[in-house]
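Everything on this sheet refers to the single structure shown next.
In this chain, residues are counted from 1 in sequence order.
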Amino acid sequence: MSVDTTSDLSIVIPTYNRRELLERCLVSLTLVKEDGFEVIVVVDGSSDDTETFLESWSSSYPFRYVVQERSGLSAARNRGNSLAQGEIILSLDDDMVVTPGLIAAHRRFHQAHPMCWGQGVILADPSVVNTPYKRYEAERLARFHRACRVEKSELEQYDLSGGHFSLQKATLDKVDGFNVDLRALTDTDGELAWRLSQHGVRFLYITDAVVHTTHLKGFMDSIRESKLYGCTYVRLCHDHPDTIWCFSPFVIDPHSRLRNWVRGWLFDGGGQDFGRIDSLIRTLLSVSEFLGLRRVSAALYRLARDVAFWHGVRGEAGEGWTRFRPQPVTILCYHDVTDRRRWSFRLYQLATSRFRRQIRWLKESGYQVIGLDALLNYLERGDSLPERSVVITFDDGYETLATTVTPWLEKRGVPHTHFINTGRMGGVSDWIDSAPDLPLMSADTIRTLQDEYGERVSFQAHGVDHDRLDTEDTDAIRDQIIPCRRALAEVTGQPVRFLAYPYGCYNRQAVSEVAKGGFRAAFTVDRGRCEPGQNVFQLPRVEVFGNDLWIDFILKVKWGHSPIADARRILKQRYRKWSGRLKRLFEGLR
């Protein structure tokens, strides 16, 4: 068991009762075509013949092992890290078979990114893909690798795996390594990553550092791990409240609305029988596997793990478990509220009596109106919200809102936000062809409303001139958002932290510039409701139109859109299309 003090990289391998897997891992390291690294194996209280094997093991690379009482994976990793001589720690699980270029890939990475977490590639060894579920796991690993190789190199914390990563030893020591208090739980690598992120560490994918795992968990093992993951989630949220939405990839799936809907349907009410749901899923799985329906089986595997995860959450959190479920919040977007309506602009003008009826219905139905800061505190760090929360916003800052909306809402304790075009304050809405001269609030009006109703009203940015921001001209975007933010802050004397995209139009460049411009969030008019996990610079809002039926409004509040209004719009479009064709046809016959 020699120690090489010239090693610049130390490979730390914790192990427990997996002698055969460990042997394959150590043998594969003999094929590495690099020098200057050492291997440290930490035997965490194994009761098999691991220690006997290691006593007789000899290799071409510097190698040593230590034995400790059973203390858990985190303690074993920390023990190995404390013994490491190298400046770089390469953490490997004992079931990994390495490729010859592994060490070189990690060294190149840390030469270019010395303060970053290097996440290596993990693929399944073909020899262990022997069940439908393990085939699913193998495909999932391969799919993740393909996506990272093509689309991204920077990872989220829930993308990381402690089974194959590298990090500077000094960086790891700065946060005292892994959390040994999580011994009986899982996702200790995610907890470590979060603490590292507080020190500015980034997490990057190393596409050419490849290992193959020789052990894939079976379905029942994965279910048990998902349940433990739920328990860990609650513990970590208790220790680190800001991580409530960070540690669970199950909170919201940005790639599958169907999965989110099914998950919400299963768990609505908070008192479901998880055992009954699990039994139903397993029955469906048996049928789908028998019929060879691989896509259906994959969806059911994901759902079964979701159920196990939430079972763990409920077991750890008790009656308060529903706090950890995402709560959708509807943001209503109004424009003008007035009794002097224009036919050509009727879509964006709402009668005062209808508006007030809508607000009364919200309060009578148990909805509580919250402000944008409360919404963002919930989305970003999980601050508590009323069970039925809704946000009210107004675009463009029409003068009529100063008399029909703000005083009336303030008397009822309803917070709301006006999005203002600073270049048009005191002017008219000349960007609207159908209503070019609707008067807009002046700076004095805004200042007066802020002084009188400041606790209930907020004024935020809507651009300088109501120009579209979905342009590739970076300077044009900045010229609309930065001066607007500064000018509005001067008028109100309050910080301007939010922006609504004019016309609801945005692109990747606009999102990037708004994020850089000091804003906390930005809002679109994409349909849907806000949920944790969404990009806070692309938050959806639901527009309330003057021609909405009463049922449309109720559905928009509850679902984020009205299928009835959508159907009417489609029918109207088709009517116009076919009526235009018939008109041209008759004109051609004359």
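- In this structure, H113 and L204 have side chains that are in contact, with non-hydrogen atoms separated by less than 4.5 Å.
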Output, in order, the C-alpha distance, side-chain angles, deciding distance and verdict of side-chain contact (heavy atoms from CB on, under 4.5 Å) for I554 and W361. CA-CA 9 Å; I554 294 175; W361 179 84; 3.8 Å; yes

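- No side-chain heavy atom of I206 sits less than 4.5 Å from a side-chain heavy atom of V121.
- In plain terms, the two heavy atoms of L26 and V41 that are nearest each other are CD2-CG2, 4.1 Å.
- Nearest approach of Y506 to Q538, heavy atoms of both residues: CE1-NE2, 3.4 Å.
- Using a distance-only test at 3.5 Å, with no hydrogens or angles considered, no donor-acceptor pair links the side chain of H215 to the main chain of L21.
- With no hydrogens or angles considered, no side-chain donor-acceptor pair links E225 and Y229 at under 3.5 Å.
- Side chain of S166 to main chain of H106: no donor-acceptor pair is present (N/O by atom type, distance under 3.5 Å, no hydrogens or angles).
- Atom CG in L293 sits 9.5 Å away from atom CG in L300 (nearest 0.5 Å).
- Taking all atoms of both residues into account, the shortest heavy-atom contact from T15 to S46 is O-OG, 3.8 Å.
- Under the 4.5 Å side-chain criterion, counting only non-hydrogen atoms from C-beta, I103 is in contact with L90.
- No more than 12 heavy atoms of other residues, nucleotides or ligands lie within 6.0 Å of CZ in R508, so this atom counts as exposed by the packing criterion.
- F309 CZ to R314 CZ: the interatomic distance, rounded to the nearest 0.5 Å, is 14.0 Å.
- A pairwise comparison of heavy atoms in R388 and G366 identifies CB-O, 3.6 Å as the closest pair.
- Below 30°, between 30° and 60°, or above 60°: for W194 and H240 the angle between ring planes is between 30° and 60°, a tilted geometry.
- Taking the charged nitrogens against the carboxylate oxygens, E20 and R24 have no contact shorter than 4.0 Å, which rules out a salt bridge.
- Going from atom CG of L285 over to atom CG of L303 covers 9.0 Å, rounded to the nearest 0.5 Å.
- By the 4.5 Å heavy-atom criterion applied to side chains, N507 and Y501 are not counted as neighbours.
- Of the possible polar contacts, one joining the N179 side chain to the D181 backbone as a donor-acceptor pair under 3.5 Å is found.
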Determine whether V42 and I13 satisfy the following criterion, side-chain contact (heavy atoms from CB on, under 4.5 Å), listing intermediate values before the conclusion. CA-CA 6 Å; V42 181; I13 307 173; over 6 Å; no

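- Within the 4.5 Å cutoff, side-chain heavy atoms of R64 are placed close to those of L83.
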side-chain contact (heavy atoms from CB on, under 4.5 Å) between L385 and V329: does it pass, once the steps are laid out? CA-CA 10 Å; L385 284 183; V329 178; 3.9 Å; yes

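- Residues R18 and D48 are not paired through a salt bridge, judged by the lack of any N-O separation under 4.0 Å between the basic side chain and the carboxylate.
- The NE2 atom of H145 sits 11.5 Å away from the CD1 atom of I122 when rounded to the nearest 0.5 Å.
- Each of I331, L539, T330 was compared with V391 under the side-chain contact (heavy atoms from CB on, under 4.5 Å) criterion, and only I331 meets it.
- The two residues V129 and R135 make their nearest non-hydrogen contact at CG1-CA, 3.5 Å.
- Partner R79 forms a side-chain contact (heavy atoms from CB on, under 4.5 Å) with one of V43, V12, V67, V66 and no other, that one being V66.
- With hydrogens and angles disregarded, no donor-acceptor distance shorter than 3.5 Å links the side chain of D125 to the backbone of H212.
- R541 places a side-chain N or O within donor-acceptor distance of the main-chain N or O of T524, the cut-off being under 3.5 Å.
- Proximity of L228 to Y233: side-chain heavy atoms (C-beta onward) are nowhere separated by under 4.5 Å.
- Under a 4.0 Å N-O distance rule, the pair D306/R302 does not qualify as a salt bridge.
- Heavy-atom minimum distance, F519 versus V514: CD1-O, 3.5 Å.
- The side-chain heavy atoms of V542 and R527, taken from C-beta on, include no pair separated by under 4.5 Å.
- The CZ atom of R295 sits 14.0 Å away from the OG atom of S288 when rounded to the nearest 0.5 Å.
- Looking at R305 and E137, a side-chain N of the basic residue comes within less than 4.0 Å of a carboxylate O on the acidic one, giving a salt bridge.
- With rounding to the nearest 0.5 angstrom, the CG atom of L375 is 10.0 Å from the OG1 atom of T417.
- Between V180 and S71, every side-chain heavy-atom pair lies at or beyond the 4.5 Å cut-off.
- Here R497 pairs with D373 in a salt bridge; the nearest charged N to carboxylate O distance falls below 4.0 Å.
- Panel note: side chain Q327, backbone E531; no donor-acceptor pair is recorded below 3.5 Å.
- Under 3.5 Å, the side chains of Y301 and E289 contain a donor-acceptor pair of N or O atoms.
- Checking side-chain atoms of Q534 against main-chain N and O of R529 turns up a donor-acceptor pair under 3.5 Å.
- In this structure, the ring of W310 has its center no less than 6.0 angstrom from the ring center of F324.
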Does the pair E38 and S10 meet the rule for a side chain to side chain donor-acceptor pair (under 3.5 Å), with working shown? CA-CA 5 Å; E38 64 169 345; S10 299; 2.5 Å; yes

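- Checking side-chain atoms of D44 against main-chain N and O of G72 turns up a donor-acceptor pair under 3.5 Å.
- For Q198, the CD atom counts as densely surrounded, since its 6.0 Å shell holds more than 12 non-hydrogen atoms of other residues, nucleotides or ligands.
- Proximity of a side-chain donor or acceptor of S153 to a complementary backbone N or O of R149 within less than 3.5 Å is not detected.
- Ion pairing of K134 with D221 is absent here, as no side-chain N (NZ or NE/NH1/NH2) approaches a carboxylate O to less than 4.0 Å.
- For the 3.5 Å distance criterion, the side chains of S389 and Q368 fail to qualify, holding no donor opposite an acceptor.
- Shown here is E87, whose CD atom has no more than 12 heavy atoms of other residues, nucleotides or ligands within 6.0 Å.
- Side chain of W117 to main chain of Y205: no donor-acceptor pair is present (N/O by atom type, distance under 3.5 Å, no hydrogens or angles).
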Kindly determine whether F203 and S197 satisfy side-chain contact (heavy atoms from CB on, under 4.5 Å), including the steps that lead there. CA-CA 9 Å; F203 310 100; S197 70; 4.0 Å; yes

